[in-house]
Amino acid sequence: MDIEATGYDIPVGTYEDAKAMVGTTTPVRVGEVDVNVPMIRHYAAMVRDGNASYWDDDFAEEHWGGVLAPPGMLMTWLIPIEWRPGGEAPVPLLTARVPLPGDTLINVSHDAEFFAPIRVGDHLGVVEELVDVSEEKRTSLGVGHFVTTVSTYRRQDGQLVARTTNVLYRFTAEEGQG
Amino acid sequence: MIPGVSYDQRWWEHVEQGAALPRVEDEISYRRVIMNPATTWDYFPGHHDPDYARSQGQPTIYIHTMHFLGFVDRLATEWGGPRTFIARRRVSLRHPIFAGDTMVGEGRVVRKYTEDGERRARHLVELEVTVTNQHGELCCLATVTVELPARGG
């Protein structure tokens with residue numbers, strides 16, 4: 001599967017290749033944009049969420065010290081812009097860089113802990129760690145492996161804001177499905 | 001005050017264990033699924049390319065994790081009010097919500113407790129939230145811990 005097909009350059013490899021990567025921790029990767037109002041309101045519109053903390057500047061300033069970012073947007077603040085002048089490819093998430101036989105993926109669980117509100121003007125950085133790759137498992141979708149990563153998010157002043165544990169399923173779809 | 005925005009706040013003291021959260025139904029059109037990549041910059045093709053979704057064994061494009069998270073948080077904060085802080089949220093994704101499906105969110109209060117914080121006690125409530133589709137299939141199971149303001153400070 002190439003970049004054009006998935007938006008991610010998913011590397012192919014063996015289970016042993018993937019196991020050898022367990023314990024890998026990325027350098028700090030800093031988001032390309034500050035937490036900002038247009039993206040917050042566009043997302044809130046997508047979810048149909050009329051929370052005053054996202055829509056009312058004065059209310060949000062009084063209670064949070066600025067417009068609040070919906071916590072569900074956490075990952076968004078670190079998604080790289082997919083093209084830049086000169087053609088340097090963005091670095092995908094660690095979870096999409098694990099070599100395994102499966103040519104596609106789907107997310108299965110996400111556990112997030114928040115330590116401070118994320119507000120307009122914050123600039124986040126993330127460190128990702130590959131903590132587990134399961135043995136081969138069969139599911140209704142096909143055959144593959146479960147990949148577990150832990151991501152730690154900090155603000156520009158060093159304040160820890162969130163930690164997430166994500167599990168995705170890297171698999172090859174069964175023949176005859178779809 | 002902005003028209004259409006709710007400012008009602010629930011106080012921790014008024015939370016009753018076992019209470020139900022208001023049910024929320026939301027029809028998810030193709031346009032709404034396409035809003036996933038548009039709003040979050042997540043261009044994984046399962047959320048915008050039906051051919052790719054079919055190659056994965058799915059009938060068509062489906063919403064992404066961040067949409068489930070936003071919907072679960074919306075249930076929690078519409079119940080709690082705009083000063084609700086999502087402290088922890090554990091989500092298990094069981095079945096996709098496809099373009100054309102209806103998401104149905106339901107929840108209830110599981111536990112109400114306090115915890116020592118850095119400067120003051122934290123007033124916490126644990127909620128269990130489910131997201132099902134129009135066929136009643138469980139799509140997402142979530143446990144959300146929220147911090148609410150308390151009358152006592």
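Basis for what follows: all heavy atoms, side chains included, without hydrogens, waters or symmetry-related copies. Letters A, B, ... mirror the listed sequences (proteins, then strands); counts begin at 1. No experiment lies behind these values; they were computed from the predicted model shown.
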- Applying the 4.5 Å side-chain criterion to the ILVMFWY set and letting contacts propagate, would A:F146 and A:I10 be lumped into a single cluster?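 A:F146 and A:I10: one cluster.
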
- Heavy-atom distances under 4.5 Å only: say whether B:T40 touches chain A with side chain, backbone, both or neither.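 Its backbone and side chain both get close to chain A.
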
- Who in residues 46-60 of chain A is close to chain B, using a strict under-4.5 Å heavy-atom cut-off?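 So far as heavy atoms go, A:M46, A:V47, A:R48, A:D49, A:G50, A:N51, A:A52, A:S53, A:W55, A:D56, A:F59 are the residues that approach chain B to under 4.5 Å.
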
Basic-acidic side-chain contact under 4.0 Å: [X], [Y]:
X	Y	result
A:E32	A:R84	yes
A:R138	A:E174	yes
A:R163	A:E113	no
B:R122	B:E147	yes
A:K137	A:E135	no

Side chain, backbone, both or neither: which part of [X] has an atom under 4.5 Å from a heavy atom of chain B?
X	answer
A:I81	side chain
A:P117	both
A:H63	side chain
A:W64	side chain

Which of the residues [options] is involved in the greatest number of heavy-atom pairs with chain A at under 4.5 angstrom?
options	result
B:M35, B:M103, B:R74	B:R74
B:Y62, B:F85, B:F71	B:F85
B:E78, B:R94, B:H67, B:R31	B:H67

- Does B:K112 use its side chain to pair, donor to acceptor, with the backbone of B:E13 at less than 3.5 Å?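 Yes.
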
- Message: When you measure from the side chain of B:E126 to the backbone of B:T143, do you find a donor-acceptor pair of N or O atoms at a distance under 3.5 Å?
- Response: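 No, because the side chain of B:E126 does not come within donor-acceptor range (under 3.5 Å) of the backbone of B:T143.
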
- Please assess B:H64 against B:F44 for the test ring-ring contact (aromatic ring centres under 6.0 Å, His included), listing each intermediate value before the final yes or no. CA-CA 9 Å; B:H64 67 0; B:F44 184 75; over 10 Å; no

- Query: Crowded around B:D116 CG? As in, over 12 foreign heavy atoms under 6.0 Å?
  - Reply: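 For B:D116, atom CG is not crowded (no more than 12 foreign heavy atoms under 6.0 Å).
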
- Item | chain B contacts, top residue of A:G72, A:S109, A:A112 (heavy-atom pairs, under 4.5 Å) |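 Heavy-atom pair counts peak at A:A112.
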
- Message: Under a 4.5 Å cutoff for heavy-atom pairs, which residue among A:D111, A:N107, A:L68 has the most contacts with chain B?
- Response: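 So the answer, after comparing A:D111, A:N107, A:L68, is A:D111.
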
- Validation row: A:V35, A:I40 side chains within 4.5 angstrom (heavy atoms):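 Result yes, sub-4.5 Å side-chain heavy-atom pair found.
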
